[in-house]
S.K.: 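Quick one: this structure, given as structure tokens, is what I'll be asking you about.
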Amino acid sequence: MSTGTTKLDVVVSDVVPVNELVTRFHFRRRDGQLLPTFSGGAHVVVEMRDGERTRLNPYSLMGSPLDTREYTISVRRDDVGRGGSLFMHRHVRPGMEMVISYPVNLFSLDLRARKHLMLAGGIGITPFMAQTAQLAAEGGNFELHYTCRTASLGTYADVLRERYDRRVRLYHDDRDERIELDRLLSSQPLGTHLYVCGPSGMIGWVCDRAAALGWPAETVHFEHFAAPQPGAPFDVTLAVSGKTIRVGEQQSLLEAIEAAGVDPPYLCRGGVCGQCETNVIAHDGKFIHNDHWLSEQEHRSCKKIMPCVSRFEGGSLVLER
Amino acid sequence: MGITFRNETFRNDFTFRNSPEHIRRFPFPFHEDSYMYAVNIEPHVVGPKGSVLENLIDVDEHYVAEMQDRALVLAEDPLRCQSLPHMTLAGWDLLELLMEQQALGYPEHFTLTRDGDRWRWINRPLGIDDSFTFGDVSTLPYGPMEYITRQSQGDFCILDQRDGNLWMDAGMVTTQADWSLDFDIGMNFFEWHAPVPLAHEKGIFVRALKFLTNIQQGKPARRLNWTMTINPRLDTSPENYHKWGPDRTTVTPENVGDKVHLRVELQSFWRLPRSNGIVFPIRCYLIKMDELVTQPKWARRLHRVIRDLPEELANYKGLTRYRATLVEWLSKLDDGSPTSPGFGPD
Ligand code: FES
């Protein structure tokens, strides 16, 4: 039906360094109105005009859903990534006009839960900032376990401890503190839902242990935005629009399709929502699937690709787009 | 200029009528001379002035009478309104949506004033002026969903989204075409659609679910559905089948024009911002054959559609008993000339 979501014209109202890696950005509406209400766990896609290129990166909203005068996101600088976070850190200044998407929630709370058990790793803390604010306002029952490399990289650990005190438990890698996961998962009351957001290794570990300990799949929730990975350039033929394009080393396939003037659907740009799913018409080479949407079987079948995060290596690729 | 609300009934003496302007704005659901089941979903954006799409939440001349009928249904059967405990937040979302939309579309009839979470709602047609605290259930006479849907035309299903599926976990359903909230509450998308024939084979529902779970805030969608009802009865629930089922046997060549009604449902789909749920308002429009055939194009087209409807669909829509009588009656109004494209009257 349409591409992405409705857009919002915003102005950067503040830029606040949080620690050596993380900076927080505040947005307000240019027309002075309130921003749309959102639910804890939602993200927005931020459009970055970087010279010739437009980058579109998703970031979780971390403010309280009860206050829609501004949206806040936190961006961790990734010196070896494709440049979106560097752009935010280097070029975005207060007063700058930007465009962001309406909020989309692919990591929402299950409101039936009697207790919400949250596990965060590193910058994966951001969706929980909003979710805890939402739950605290409703008198919801939650407990947050947060792992970070060092105390100084424990983004918002101090804020969370101050707000929620003993409902927040911190673990520092440099002090060899570890979540006692099995004990934690085995000692939860009936009706608990588990949420995890962090590096993929952590998500995999938590989901595996939860399954092994008998947690039903519908009580385990994770947010797993894959960042598009750079890779060798490749050529693609878009059969429907009759174009042949080249996907650059630092570009995602979705970005290359957009740069050619074709408007495919997307929501998350992180391989989780399923919107960008595209049929493969012909191929001669190997797919590098990075999404969390298609099943393993679909990956092996070579009939579909998620262009927001996945790539291709080889002779030729023809897509139904 | 405000709406003149009609004083009419949807039961007993059935005094429901459409004014001439309302006949012309009727959402006639057939854009060509035949009908095939399809998902036909499109963006729910504002349509032409004077149509039922002029506002995204439509209020019309039947508003007051429909709200009175709803109150009667609820007094007899409170289970028509249910909300599972985790759905209260979604109820507030819906209250906000309906108050905002009604106040926006009909400022002469509805006013919403907000000062932080202190809200004041004035509903002039129903004589309501309430101040309450948004989010505090104790400041309203009913739960938020029940409160606002007692003041909004159409049925409302609120769906919780989890595990890649949608769950019918709350609703106000008093004007349904032969289905029951009490039966469907707590069911997921596939469970509550189970009785539709033909469609399952086509994987239509898998695609529809995928579409619905991706509905985004600020981008509602809609579709039209239709059936027929004998007498302008809003409440055709399974619970009351004994009241309306026998109506189907009462159609005669003499009373077709007065008794047989085309019933069109305008379903819209909205993402709710706080709860991340989805709400389906299902707005029901009724028009009796005598009124419908005042538009010659509609008379001709409806004749062809009903005549050529596949048997299973006719059965599913409950037309079988009176279809022949209806087709015969309509055929006299069909001179065989072509119909113009599109839904609207000529
Ligand atoms: S845009 Fe969400 S999976 Fe590609």
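Below, chain A is the first sequence line, B the second, and so on; all start at residue 1. Just so it is clear, the values below take in all heavy atoms, side chains as well, and ignore hydrogens, waters and symmetry mates.
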S.K.: Can you find a pair of side-chain heavy atoms, one from B:Q161 and one from A:N105, that are under 4.5 Å apart?
M.R.: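 They are not in side-chain contact.
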S.K.: Measuring from A:R112:CZ to B:M87:CE, what's the distance to the nearest 0.5 Å?
M.R.: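 Spacing of CZ (A:R112) from CE (B:M87) equals 10.5 Å.
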S.K.: Are more than 12 heavy atoms from other residues, nucleotides or ligands located less than 6.0 Å from atom CZ of B:R118?
M.R.: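 Result for CZ/B:R118: enclosed.
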S.K.: Calculate, to the nearest 0.5 Å, the distance between atoms OG1 and CD belonging to B:T213 and A:Q275 respectively.
M.R.: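 Atom-to-atom, B:T213:OG1 and A:Q275:CD are 8.5 Å apart.
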S.K.: If you count heavy-atom pairs under 4.5 Å between each of A:L109, A:L111, A:L106, A:T37 and chain B, which one has the most?
M.R.: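 Among the listed options, the one with the most contacts to chain B is A:T37.
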S.K.: Please report the closest heavy-atom contact between B:Q217 and A:Y102, naming both atoms and the distance.
M.R.: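 Smallest interatomic distance, heavy atoms only, reads O-CD2, 3.2 Å.
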S.K.: Other residues, nucleotides and ligands only: do more than 12 of their heavy atoms fall within 6.0 Å of CZ on A:R69?
M.R.: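 Counting neighbours around CZ of A:R69, 12 or fewer heavy atoms of other residues, nucleotides or ligands fall under 6.0 Å, so no.
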S.K.: Can you confirm whether B:R114 is buried at CZ, in the sense that more than 12 heavy atoms of other residues, nucleotides or ligands lie under 6.0 Å from that atom?
M.R.: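 Check passes, neighbour count above 12.
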S.K.: Could you pull out the closest heavy-atom pair between B:S275 and A:S39, with the gap in Å?
M.R.: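 It is N-CB, 4.5 Å.
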S.K.: Please classify the contact of B:L89 with chain A as side chain, backbone, both or neither, using a heavy-atom distance under 4.5 Å.
M.R.: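 Side chain of B:L89 only, per the 4.5 Å heavy-atom cut-off to chain A.
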S.K.: Between B:R274 and A:P65, is any pair of side-chain heavy atoms under 4.5 Å apart?
M.R.: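 No, their side chains stay 4.5 Å or more apart.
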S.K.: Looking only at heavy atoms and a cut-off of under 4.5 Å, which of B:P273, B:A90, B:G164 has the most pairs with chain A?
M.R.: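 Sorted descending by pairs with chain A, the first entry is B:P273.
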S.K.: Side chain, backbone, both or neither: which part of B:N276 has a non-hydrogen atom closer than 4.5 Å to chain A?
M.R.: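 Contact with chain A involves both backbone and side-chain atoms of B:N276.
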